[in-house]
Amino acid sequence: MAKQIVKALDGAKAVAEAMRQIEPDVVAAYPITPQTEIVQTFSQFVADGLVNTEFIPVESEHAAMSACIGASAAGARVMTATAANGLALMWETLYIAASLRLPIVMSVVNRALSAPLNIHCDHSDSMGARDAGWIQIFAENPQEAYDNTIQAIRIAEHPDILLPVMSMQDGFITGHGVERVEVLEDKAVKEFVGEYKALYSLLDIDQPKTFGAWAFYDYYFEFKRQQTEALSKVPQVVREIGKEYGELSGRYYDLFSAYELDDAEVAIVVLASTAGTARVVVRKLRQEGIKVGLLKPRLYRPFPGKELVEALKHVKVIGVMDRSIAFGSIEGCGPLFLDLCASFYTYGNGKGPQIVDYIFGLGGRDILPEQIEGMVKELLRIAETGKVPYRVGYLGLRE
Amino acid sequence: MKGMVEIRWHGRGGQGVVTAGEILAEAAMEEGKYFQAFPDYGPERMGAPIKAYTRISDSPIEIHSQITSPDIVVVVDPTLIGLVNVAEGLKDGGTIVLNTSLSPQEAREKLGLEGKNVRVFTVDASQIAMKYFGRNIPNTPMLGALVKATGLVSLESVIRLTEERLGTKVSEDIIQANVKAIKEAYETVKEG
């Protein structure tokens with residue numbers, strides 16, 4: 001296993017540290033709010049001459065992704081970072097990056113979308129981009145944010161994939177939260193990510209290529225089909241790279257992580273930092289003899305539905321915790337609930353647990369262990385009585 | 001959760017409260033412990049009441065909630081006493097360290113903690129800050145007082161990390177003034 005240094009880093013600085021070690025050819029980013037410390041810290045590395053990266057401060061987030069697309073099409077290894085409304089402003093260009101099959105890696109520090117004005121954590125921003133064709137990976141803490149950033153390069157650039165990756169973490173909770181982070185040596189990271197050699201480059205004048213030219217009803221459809229085909233190969237690649245990274249760092253990564261799930265009667269499914277809080281609750285309730293387990297999805301897009309159904313099919317009731325609302329969806333539910341329900345319908349052979357959704361933490365509203373414990377007690381009542389009082393509930397809402 | 005200590009900091013924007021929490025976390029790291037340090041940001045503005053949190057533990061910390069029942073409360077700004085319920089949720093057997101010119105007994109009375117199983121410490125960190133920096137930035141002396149009151153980390157670690165933290169930002173004179181302020185607060189903090 002490679003040597004590592006323990007540092008006190010918040011999630012944003014942990015990502016900036018990974019970016020310094022990766023040393024991409026180009027970083028184009030918008031340097032003003034809602035930007036996070038990632039770009040500020042990285043631009044300092046550039047100014048200090050610690051990296052040989054072309055840093056392009058642009059006039060908007062739309063321009064940031066546009067510049068990333070141009071640089072990536074030219075054959076550069078490209079990274080950027082954004083959050084909240086910044087990501088929303090990229091919307092048009094996100095689809096272009098994915099459709100041009102450009103392996104851009106973007107760190108997203110999840111924050112609520114306006115209005116009203118809010119700078120705190122929820123998942124509305126990246127959930128709004130979940131159908132854009134990007135790979136999406138969530139991190140629980142600064143350590144995972146660091147590790148995922150490094151792995152994202154390999155996932156994006158894998159010859160079977162060639163798709164952009166969003167690497168997420170919770171705004172403020174981990175983005176501004178200083179924790180213990182084990183950092184690999186620069187050389188180990190450089191070796192792990194390797195040299196990037198673009199398969200096709202705009203600047204390769206011996207083999208001229210066109211990116212994103214006209215394709216009407218004659219070929220557009222086929223491009224889209226190829227995107228879904230590439231996405232279908234992502235879980236396998238994520239697993240391989242997670243294992244390889246584990247051999248390097250001692251920290252192994254998979255599509256999701258399960259805790260006390262094997263004999264669980266009820267299960268919590270939740271993304272990102274709240275999974276840590278939920279694990280504390282599960283540990284406590286297990287000591288009281290309650291059969292509760294936890295599943296934390298890591299890969300969110302493509303959604304590993306088949307694997308999640310396999311892992312959860314034995315439980316009686318699932319409590320999904322959603323940190324955003326898929327407005328207008330059934331019962332006003334969240335996207336994670338929708339994906340899980342669809343997965344059970346598709347892969348569950350006509351059977352499956354009751355699934356209840358709990359919206360929580362919007363706009364940074366704190367989520368406490370007691371609230372999660374209360375939710376588990378409700379799941380147990382549903383398991384016992386078979387009666388589902390409501391399909392979508394709320395945790396920590398003032399009503 | 002065995003062996004985890006939860007600390008809540010109260011101060012005002014611009015007093016280095018978040019930095020103090022981070023220095024404490026870094027000191028814990030040097031001593032091989034796990035930690036979290038995170039702010040509770042509202043609209044960021046100079047002088048507004050703010051809170052920050054630090055967790056220190058012997059084992060990995062997984063909880064990502066805010067701290068509602070702290071083991072330790074540190075009040076960096078004296079004008080918050082009586083304005084903000086700084087002792088809210090403080091655990092039975094907990095400790096509160098206050099920057100104030102009041103005696104520990106007076107502070108206990110003012111906070112309504114008479115007869116409660118809570119240790120109260122006071123130090124005039126603002127006066128110490130004025131003496132050494134000429135500015136009311138009492139964050140580093142409060143670290144000295146906290147270390148004396150709780151023994152969470154060593155004084156040496158806090159001094160070294162304060163030096164490191166300030167190292168690139170300010171002159172050597174100011175760094176040394178901070179070290180003196182930390183030591184004076186360490187020596188003059190009183191329990192009652």
Side-chain angles (χ1 to χ4, degrees), chain A residues 5-13 33 44 48 111 117-121 139-144 169-182 259 270 272-284 287 294 296 360-361 364-373 395-396, chain B residues 1-4 6-9 17-45 50-70 88-89 153 157-158 160-162 164-165 168-169:
Chain A
I5 310 148
V6 176
K7 292 191 177 186
L9 297 172
D10 63 31
K13 290 209 180 73
T33 298
Q44 189 68 50
D48 292 346
R111 291 182 178 183
L117 272 176
N118 185 298
I119 53 168
H120 285 280
C121 175
E140 179 181 324
N141 51 38
Q143 180 73 65
E144 290 191 5
Q169 64 173 310
D170 280 352
F172 285 90
I173 301 164
T174 65
H176 275 68
V178 178
E179 294 188 23
R180 184 183 190 278
V181 180
E182 291 183 12
Y259 180 70
V270 64
S273 71
T274 312
T277 310
R279 204 176 299 109
V280 172
V281 173
V282 169
R283 191 172 299 128
K284 175 176 179 277
Q287 281 164 4
L294 168 71
K296 174 186 74 171
F360 78 101
R365 175 68 50 85
D366 195 20
I367 179 83
L368 297 166
E370 302 86 85
Q371 292 163 334
I372 300 176
E373 202 174 319
L395 296 177
Chain B
M1 300 261 278
K2 190 165 69 74
M4 183 159 77
E6 296 187 311
I7 303 151
R8 187 177 67 218
W9 301 75
V17 177
V18 175
T19 304
E22 290 180 6
I23 289 173
L24 180 66
E26 286 169 15
M29 175 179 76
E30 289 218 335
E31 296 178 12
K33 291 177 177 157
Y34 292 84
F35 54 87
Q36 281 178 352
F38 54 103
D40 179 6
Y41 278 124
E44 292 133 315
R45 58 201 195 278
I50 60 156
K51 286 184 279 189
Y53 305 94
T54 312
R55 287 190 175 100
I56 296 175
S57 173
D58 297 327
S59 52
I61 301 170
E62 295 171 302
I63 188 166
H64 279 107
S65 303
Q66 292 183 359
I67 294 169
T68 50
S69 50
E88 187 180 12
V153 293
S157 298
V158 163
R160 189 170 58 254
L161 284 157
T162 302
E164 265 178 35
R165 186 70 177 235
T168 54
K169 292 181 182 168

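Reckoned from all heavy atoms, side chains included, excluding hydrogens, waters and symmetry mates. Throughout, protein chains are lettered first and strands after them, A, B, ... in sequence-line order, and every chain is numbered starting at 1. Predicted, not measured: the structure shown is a model, and the values here were computed from it.
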Donor-acceptor list for residues 19-29 of chain B side chains, cut-off 3.5 Å, not counting sequence neighbours:
{"from": "B/Glu22", "atom 1": "OE1", "to": "B/Arg165", "atom 2": "NH1", "distance (Å)": "3.2"}
{"from": "B/Glu22", "atom 1": "OE1", "to": "B/Arg165", "atom 2": "NH2", "distance (Å)": "2.6"}
{"from": "B/Glu26", "atom 1": "OE2", "to": "B/Arg165", "atom 2": "NH1", "distance (Å)": "3.2"}

Shortest non-hydrogen contact between A/Thr174 and B/His64, atoms and distance = CG2-NE2, 3.9 Å

task = Below 4.5 Å from any heavy atom of chain A, which atoms of B/Thr68 appear? Answer side chain, backbone, both or neither.
result = side chain

message = Under 4.5 Å from any heavy atom of chain B, what part of A/Lys7 do you find: side chain, backbone, both or neither?
response = backbone

query = Has A/Ile5 got more than 12 heavy atoms of other residues, nucleotides or ligands less than 6.0 Å from its CD1?
reply = yes

remark   = d(A/Thr277 OG1, B/Ile61 CD1) to nearest 0.5 Å is 11.5 Å

request  = Would you please test A/Val178 and B/Phe35 for side chain to side chain contact (heavy atoms under 4.5 Å, CB included) and show each step?
outcome  = CA-CA 8 Å; A/Val178 178; B/Phe35 54 87; 4.1 Å; yes

message = How close do B/Ser65 and A/Asp366 get, counting heavy atoms only, and between which atoms?
response = CA-OD1, 3.5 Å

key: Separation between CD1 of B/Ile63 and CD1 of A/Ile367, rounded to the nearest 0.5 Å   = 10.5 Å

task = Find the one option among A/Gly364, A/Ala275, A/Ala278, A/Ser273 whose heavy-atom pairs under 4.5 Å with chain B are most numerous.
result = A/Ser273

remark   = Looking only at heavy atoms, the pair that brings B/Glu62 and A/Val280 closest together is CB-CG2, 4.0 Å

